[in-house]
Engineer: 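The structure's right below; bear with me while I get my questions together.
Because the structure is a prediction, the values reported are computed rather than measured.
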Amino acid sequence: MGTNNVEKDGPCCCGLMMTKHQATLIPASQAPSPHEGFRSVTPSLDLGPDPQESTSEGPGSCPAHLTSLPTNAYGSLTFLNEKSGAREPAPYIRMAADTPMKSVLTLLSDYWKVLDPKPELVISVVGDARSLQLDGRKKETFTSGLIKAVKSTGAVVMTGGLHAGIMRCVGDALNKAQLIVKREEGERQGARCLGVAAWGHTDQTHSLINKDINTPACVRYRVKEKVVLEAPLSLNRDHTHFLLVDDGHRNRFEGIDDFRSLLEGALCEAEVPVVVVVAGGELRHIRRCFRTLEQDIPIVVVRGSGTVADLLASAVSLKHSNLNNITIWSRLKQRPVIKELNSQHKKECEELLLKCCENFDLITVFDINSTEGMDKCILQALLKYKDLARRDVELAIKVGRLDLAEVILIHGHDSWSSGELKGCLMTALLMEKVQFVELITKYETMDALLTVDVLCSLYKEACDSSPFLMRLLERFCLHEIKDLRLVHVNNLLKHMMRHHNDAAYDTEGASVTTYSGSSSTFQDPYLELLVWSVLSQHLQVAEYLWRKCCSPVSAAVVASCLAQALSTYLLTMDHVAGLEYQRYKAQFEDIAVGLLDACYQLDEDQAIGLLEQKHSKWGNKNCLELALVAKDMAFVSTRAGQACIDRRWRQGMSRAPGLAVVLANIFPLLIFWRRLFRFQKEEDGQKMGVVEKVAVFYTSPISKLCAHSSAYGGFLVLYTYVVLFDFKYEMSVSEMVLIIWMFTFFSDEFVEIGSETLPTVREQLANWASSVWNKFDLVLVLMGSLAFCLRLFRETFSWGRMAYSINTALFYCRFFRIYYASTHLGPKLFILYKTIPEVVVFMALLVIFLLGFGIASQALMHPARDALHLNSSALGAIMEQVLLTPYWQMFGELQLQEIAGEDRVVCHQNSCIMGELCDNGTTNCRPELDCVCENPNNYTWIVLIMLSCYLIIGNVMLLNLLIAIFM
């Protein structure tokens with residue numbers, strides 16, 4: 001082929017027989033557009049002698065006889081194997097060994113998305129192609145360590161891609177691990193595993209060639225399990241992508257070593273770290289390792305896996321013992337694998353091994369018989385990269401190696417920028433690695449680490465992983481959020497906590513894409529992270545962040561409040577997440593209760609001081625007010641909580657009986673009677689003047705409540721008098737006073753709305769309407785206004801009286817608001833309020849039976865009704881009989897006399913026909929009209945049966961209602 005010694009039917013220098021060469025080559029003009037620029041190599045068909053080439057080239061080389069053409073093999077492989085199940089097709093392409101690495105990287109990143117997103121690591125596995133000395137426990141140790149490294153870092157694995165040796169071992173491991181990797185289009189099964197195989201040693205290459213050079217091939221590929229010595233090998237089914245490298249040679253592996261070395265170097269230049277793992281291997285892999293080390297790429301050598309790996313491991317161990325090269329080689333050459341070599345190969349092997357030992361700092365030895373995981377050795381090798389300190393710590397966080405992260409921080413943190421530590425902190429928080437957060441904060445304070453930018457980035461990452469958070473943010477911002485900022489989080493916190501005041505959250509220019517846009521920090525960074533962890537469902541790290549907060553009691557209550565609000569929102573969107581938030585709400589409430597009880601036992605005054613401390617961030621609310629927002633009734637009912645409420649209730653008075661306060665509102669001189677009232681300042685030894693005592697008394701909540709209750713009692717007396725005795729067409733003086741008094745009640749509601757410290761009127765109204773009593777007052781305002789308007793006109797005066805009368809009942813019900821403050825009546829009122837939903841459910845069930853029985857009974861008792869002759873009074877009577885009669889019957893008013901139908905015959909005229917009536921036994925007949933007639937009295941028995949069934953069902957339901965209420 002390239003020399004005059006080659007016979008036409010003899011072997012070619014490429015490794016094939018001369019008869020196997022193609023006689024027809026693909027024109028260069030037929031390059032496929034999707035992979036333009038990728039070319040393959042085909043040996044030329046040249047049978048004539050060439051004396052010049054014969055003298056210039058040896059019989060084993062033939063570069064002058066290689067032709068580079070546009071690739072004719074690319075597309076996707078679908079592997080046919082019953083055991084492996086359905087898999088996504090694996091892309092493949094045939095390319096020349098001298099293809100520019102820039103084009104290869106473009107293919108991997110832009111088209112195949114193997115490098116998009118950019119991986120944290122590429123693990124290149126090198127080893128025996130046919131025989132592998134890993135079996136049993138050794139194989140399990142190797143594969144489990146590899147899988148742990150891939151899972152923790154999301155690494156891309158690169159092998160030779162064939163179905164034999166170490167390549168098959170790696171493929172089987174990735175298949176059994178059932179890895180789930182995330183892509184933009186969703187989650188997929190399987191890690192990214194790139195096979196860089198030699199085209200000349202790949203089986204069934206004829207099936208991979210495109211029939212139409214411009215159309216990607218869809219090949220159904222069957223893997224051959226049997227490995228035949230020196231024969232081409234099948235591609236491994238567990239690889240996801242294949243680069244089929246063609247260097248012109250056939251039936252040999254050596255051609256891809258240089259290509260893989262160049263690809264690994266190109267990946268490193270593209271800032272994708274590469275670690276080469278050597279397991280076993282042939283002697284040619286010594287040169288492969290030397291080329292790798294020349295590019296400053298770290299190597300993990302698996303000791304105990306055979307041949308080259310054991311040689312390198314021994315050489316490195318001897319080098320660590322500070323032995324010279326002569327001693328090292330004298331010990332290595334005694335190995336059987338070296339003794340079998342000829343002198344030339346021994347010299348080459350010596351030279352390469354000793355050169356590898358010169359870079360022993362880039363070689364990490366993993367003993368496969370040890371208990372240590374190979375994933376740790378891979379990470380240790382990765383740490384040998386320069387200028388990758390932050391990524392090294394992030395990888396240590398992902399792998400969960402606290403000891404390695406600490407080593408990196410100890411030796412290199414002084415030279416790090418603040419941004420690098422911020423990135424490590426973000427990784428630790430997002431992965432909820434509490435120990436790593438603690439480690440990072442040893443070398444930099446959280447005040448310096450948590451800036452506005454970092455918190456923005458954390459919220460953005462949370463929105464990417466938790467879609468419900470973005471939906472909540474958009475819901476309260478009332479528009480789609482394209483660029484998340486803290487001002488959007490601020491709006492959400494205002495709705496959840498009623499108030500949120502923080503200047504850092506109002507920074508419109510805070511970007512989420514960099515760490516250098518804003519260096520603004522927070523007063524309590526741990527509290528901000530606690531809020532983030534609760535909102536983003538990173539609840540495992542929340543307890544640690546709570547411990548670090550400046551005010552642990554209020555922080556626990558805030559976390560409970562956020563969890564309560566989120567559980568309310570999520571129960572309709574994600575029931576499981578809503579229940580989890582309820583559990584965390586209870587957990588933080590228990591934490592707050594336990595901490596407050598412990599403080600109260602140590603110092604009562606200090607504990608009460610903690611509760612009374614106002615927090616400007618939450619609208620100057622204290623802990624008790626925040627607990628009411630969170631509905632933390634257990635926190636409010638603690639001894640410290642009740643003592644604080646009692647102190648605020650009397651506000652400066654140490655003794656103030658309720659009845660005495662009522663009398664003192666009428667007779668102010670009673671304030672100075674020490675047997676009734678005692679003031680806190682006087683008991684502390686301070687003097688109080690008359691004005692000061694009067695001011696303390698009348699500004700205390702208990703005095704205000706008693707004065708309001710007395711005044712409201714007087715209002716009800718006046719209202720009762722007007723409705724019963726003084727409601728005339730001409731408005732009386734008492735009614736005018738009553739209307740003015742009602743107007744003051746109504747104006748109080750507007751004052752209450754205006755007193756809210758929320759920024760917008762809409763938020764003020766929403767906060768005001770969140771109270772049941774305020775909603776009830778709104779009904780009173782509307783009914784009172786309607787009654788006043790109706791009574792002004794002659795035509796609607798009677799309707800005005802009815803509205804006034806109905807309003808009387810509502811005003812009396814409003815007195816329940818005063819009961820609510822009583823320790824005895826308040827709980828009973830709460831029970832009554834809780835029974836309302838049960839009553840509504842009961843009525844929804846009862847109305848079905850009520851209507852069914854009412855309509856059925858009326859249809860039987862009154863068959864002669866005609867819709868054409870109904871008027872308003874008749875229609876009202878029917879509605880009363882259908883609805884009210886069954887209702888009263890359920891409560892014992894059976895009205896049996898009305899159930900019996902009227903004893904009269906009702907005939908239907910359209911049914912009448914003319915017939916004959918004959919006397920018995922005679923032919924004396926006379927004509928008679930025959931009609932269909934009914935007597936309602938005949939239906940009484942069936943109505944009674946229906947009534948008995950209805951009463952049984954109704955009474956059983958009433959009994960169940962009572963049980964449900966008091967359970």
Engineer: To check you understand the geometry: which heavy-atom pair defines the closest contact between M496 and L566, and what is its length?
Structural biologist: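 Shortest heavy-atom separation between M496 and L566 comes out as CE-CD2, 3.3 Å.
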
Engineer: Judged by atom type as modelled, is there a donor-acceptor pair below 3.5 Å linking the side chain of N665 to the main-chain atoms of V661?
Structural biologist: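 Yes.
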
Engineer: Under the side chain to side chain donor-acceptor pair (under 3.5 Å) criterion, do Y584 and S560 qualify, and how do the steps go?
Structural biologist: CA-CA 7 Å; Y584 274 97; S560 175; over 6 Å; no

Engineer: Please report the closest heavy-atom contact between L596 and G641, naming both atoms and the distance.
Structural biologist: CD2-N, 4.5 Å

Engineer: Between S567 and Q582, which heavy-atom pair has the shortest distance, and what is it?
Structural biologist: CB-CG, 3.6 Å

Engineer: Would you say the side chain of L884 lies within less than 4.5 Å of the side chain of W888, judging by non-hydrogen atoms?
Structural biologist: yes

Engineer: Tell me if the centroids of the rings in Y581 and Y569 come within less than 6.0 Å of each other.
Structural biologist: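 Between Y581 and Y569, the centre distance exceeds or equals 6.0 Å.
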
Engineer: Can you confirm whether more than 12 heavy atoms, excluding those of F743, are under 6.0 Å from its CZ atom?
Structural biologist: no

Engineer: Would you check if the side chain of R791 reaches a backbone N or O of K728 as a donor-acceptor pair within less than 3.5 Å?
Structural biologist: yes

Engineer: Between M497 and L562, is a side chain to side chain contact (heavy atoms under 4.5 Å, CB included) present by the stated rule, with each step listed?
Structural biologist: CA-CA 7 Å; M497 302 293 298; L562 292 173; 3.8 Å; yes

Engineer: Crowded around W649 CH2? As in, over 12 foreign heavy atoms under 6.0 Å?
Structural biologist: yes

Engineer: Do side-chain atoms of T796 reach the backbone of L790 as a donor and acceptor pair under 3.5 angstrom?
Structural biologist: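 It does hold such a pair.
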
Engineer: Tell me, do V779 and L782 make a side-chain contact under 4.5 Å, heavy atoms counted?
Structural biologist: no

Engineer: State, with a plain yes or no, whether a side-chain heavy atom of E580 is found less than 4.5 Å away from one of Q537.
Structural biologist: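 With C-beta onward as the side chain, the pair touches.
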
Engineer: What's the verdict on side chain to side chain contact (heavy atoms under 4.5 Å, CB included) for Y887 and E893, showing C-alpha distance, side-chain angles and the deciding distance?
Structural biologist: CA-CA 9 Å; Y887 182 78; E893 189 66 30; over 6 Å; no

Engineer: Quick check against the 3.5 Å criterion: does Q642 have a side-chain atom that pairs as donor or acceptor with the backbone of V636?
Structural biologist: yes

Engineer: Give a yes or no answer on whether the side chain of D632 reaches the backbone of A634 with a donor-acceptor pair at less than 3.5 Å.
Structural biologist: no

Engineer: Is E589 close to V557 at the side-chain level, that is, under 4.5 Å between some pair of heavy atoms?
Structural biologist: no

Engineer: Counting only heavy atoms not in R648, do more than 12 fall under 6.0 Å of its CZ?
Structural biologist: no

Engineer: Looking at every heavy atom in both Q881 and P886, which two are closest together, and how far apart are they?
Structural biologist: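 Between these two residues, the closest heavy atoms are O-CD, 3.4 Å.
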
Engineer: May I ask you to check whether E735 and Y804 show a side-chain donor-acceptor distance below 3.5 Å?
Structural biologist: yes

Engineer: For W768, is there any backbone N or O sitting under 3.5 Å from a side-chain donor or acceptor partner on K775?
Structural biologist: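 Here the side-chain-to-backbone pair does not exist.
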
Engineer: State whether the number of non-hydrogen atoms from other residues, nucleotides or ligands found under 6.0 Å of M802 atom CE is greater than 12.
Structural biologist: yes

Engineer: Would E625 and W618 satisfy side chain to side chain donor-acceptor pair (under 3.5 Å), going step by step from the backbone distance to the final call?
Structural biologist: CA-CA 10 Å; E625 292 168 336; W618 310 113; over 6 Å; no

Engineer: Looking at every non-hydrogen atom in both residues, tell me the closest pair between S533 and L539 and how far apart they are.
Structural biologist: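 Distance-wise, the nearest heavy atoms are O-CD2, 3.9 Å.
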
Engineer: Closest heavy-atom contact between C623 and F635?
Structural biologist: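 Heavy-atom minimum between the residues: O-CE2, 4.1 Å.
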
Engineer: Is the shortest distance from a Lys or Arg side-chain nitrogen in R814 or D777 to a carboxylate oxygen in the other one below 4.0 Å?
Structural biologist: yes

Engineer: When you measure from the side chain of S703 to the backbone N and O of S700, does any donor-acceptor pair fall under 3.5 Å?
Structural biologist: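 No.
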
Engineer: Has W773 got more than 12 heavy atoms of other residues, nucleotides or ligands less than 6.0 Å from its CH2?
Structural biologist: yes

Engineer: Consider ring-ring contact (aromatic ring centres under 6.0 Å, His included). Of F816, Y819, F745, W741, which one does Y712 pass it with?
Structural biologist: F745

Engineer: Go through the steps to decide whether K494 and H499 satisfy the test side chain to side chain donor-acceptor pair (under 3.5 Å), and finish with yes or no.
Structural biologist: CA-CA 5 Å; K494 283 181 179 180; H499 301 84; over 6 Å; no

Engineer: Is the ring centre of F797 less than 6.0 Å from the ring centre of F727?
Structural biologist: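 Under 6.0 Å, so yes.
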
Engineer: Between Q889 and Y950, does the side chain to side chain donor-acceptor pair (under 3.5 Å) criterion hold? Intermediate values first, please.
Structural biologist: CA-CA 9 Å; Q889 287 173 336; Y950 166 70; over 6 Å; no

Engineer: For atom OH of Y698, is the number of surrounding heavy atoms from other residues, nucleotides or ligands below 6.0 Å larger than 12?
Structural biologist: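 Yes, enclosed.
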
Engineer: Flag the pair L850 / M890 as yes when at least one side-chain heavy-atom distance between them is below 4.5 Å, and no otherwise.
Structural biologist: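 Not touching, per the 4.5 Å side-chain cut-off.
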
